[in-house]
Amino acid sequence: MPSLAVTLGPLRAKNPVFSASGTFGYGEEMEPFLNPGVYGGIIGKSISIKPRGGNPTPRVVETASGMLNSIGLQNPGFDAFLRDYLPRMRGYGTLLVVNLVGDTVDEYVEMARRLEEVEGGEAVDALELNISCPNCPQGGMEFGIDPKATRLLVERVRAASRKPILAKLTPNVTDIVSIARAAEDGGADVLTLTNTFVGMAIDWRKRQAILPARTGGLSGPAIKPLSLRLVWQVARGCNIPVMGIGGIMNADDVMDFLVAGARAVQIGTVQFVRPRAVLEILEDLHRFLEEEGLDSIEQVVGTIK
Ligand code: RRO
């Protein structure tokens, strides 16, 4: 059987399909559908120092080939996460990535530092820094639209943690490679590309935006070609591995991202439609490798001509 295992800098994943932050809770909601351990890795919803209640509803709108969300970072806060969610996530038996978000650099650093103290720093496998939230009043995306702020933030977290760092970038910039290089220079191990694209939906009869926050983050198949371009550009322009994310619905989409240069992918919105999508995807990836006569999925990475 061909191997789906991939290396991502210092991380080794049993397969290249991770669950994307914010589409998977902390795993528990997925348990009725599948064993969360089947993913190459799982990434929890962004955690902030203090709990956040999130934005008023409605928080999601279906759009052509996709959806907008404006969750507003609802999460239980760092202490409750450590106490009530992390122990269960550790039991899934796959790579565990904690996604962190802050209003200030110090907040990211404090959470990274405190995670080093849990179980001698062994409680999690990696940190994903959300520097790209489209729905946060401050912080979040503000870091990821400026190379200097990106570099400084990653550097400060790097100094506070021995864990591999994934920097999750925003697509809402003109020059993604300059931001990606800044994250690499700051000491990131992996680049996650990308978070959602800022968008809007209007109910014209009411003369009103559908989301109370007016704008939201667009995800789903509508953004796949946009993300694919960004992944391709960054994979060529940087020296650290890229995780591709954006509208992946099936194994063909995964292969497109790998050929473009991603070493692994995250699936998100598809899980709202088909919560067991990862199982089909893994089966089809095996089949594709057999059809292509390949021993390892890593042989596909960056093979675009
Ligand atoms: O919670 C959200 O509204 C949210 C976040 Br933190 C994010 O990073 N990306 C997104 O589309 N929504």
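This one's a predicted model, so the numbers in the text were calculated from it and none came from an experiment. Remember, it's 1-based here, ligands and their atoms both numbered in the order they're listed.
- Within the 4.0 Å heavy-atom cutoff, R59 does not count among the residues contacting ligand 1.
- The shortest contact between atom 9 (N) of ligand 1 and any protein heavy atom is with N195 OD1, 2.8 Å.
- Taking every heavy atom of K45 and a limit of under 4.0 angstrom, the matching atoms of ligand 1 come to 1 (O), 2 (C), 4 (C), 6 (Br).
- Ranking protein heavy atoms by distance to atom 12 (N) of ligand 1, first place goes to N69 OD1, 2.9 Å.
- The shortest contact between atom 5 (C) of ligand 1 and any protein heavy atom is with C133 SG, 3.5 Å.
- No part of K168 comes within 4.0 Å of ligand 1, judged by heavy-atom distances.
- Each salt bridge (charged side-chain N to carboxylate O under 4.0 Å, His left out) pair with one or both residues in residues 230-247, not counting sequence neighbours, would appear here, but there are none.
- Under the 4.0 angstrom criterion for non-hydrogen atoms, P134 is in contact with ligand 1.
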Using a 3.5 Å cut-off and no angle test, enumerate the donor-acceptor pairs between side-chain atoms of residues 68-86 and protein atoms at least two apart in sequence or in another chain.
from: N69; atom 1: OD1; to: I71; atom 2: N; distance (Å): 3.4
from: N69; atom 1: OD1; to: N135; atom 2: ND2; distance (Å): 3.2
from: S70; atom 1: OG; to: N55; atom 2: ND2; distance (Å): 2.9
from: Q74; atom 1: OE1; to: R59; atom 2: NH1; distance (Å): 2.6
from: N75; atom 1: OD1; to: S48; atom 2: N; distance (Å): 3.2
from: N75; atom 1: OD1; to: G77; atom 2: N; distance (Å): 2.8
from: N75; atom 1: ND2; to: S48; atom 2: OG; distance (Å): 2.8
from: N75; atom 1: ND2; to: L73; atom 2: O; distance (Å): 3.0
from: D79; atom 1: OD1; to: R114; atom 2: NH1; distance (Å): 3.2
from: D79; atom 1: OD1; to: R114; atom 2: NH2; distance (Å): 2.8

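- Proximity to N130 (heavy-atom distance under 4.0 Å) selects the following atoms of ligand 1: 6 (Br), 7 (C), 8 (O).
- At under 3.5 Å, a nitrogen or oxygen of G72, whether backbone or side chain, sits near a nitrogen or oxygen of ligand 1.
- Note on ligand 1: V101 sits outside its first shell, no heavy atom being nearer than 4.0 Å.
- Listed by number with element, the atoms of ligand 1 under 4.0 angstrom from any heavy atom of L73 are 1 (O), 2 (C), 3 (O), 6 (Br).
- Contacts between N55 and ligand 1, counted as non-hydrogen atom pairs separated by less than 4.0 Å, are absent for every part of the residue.
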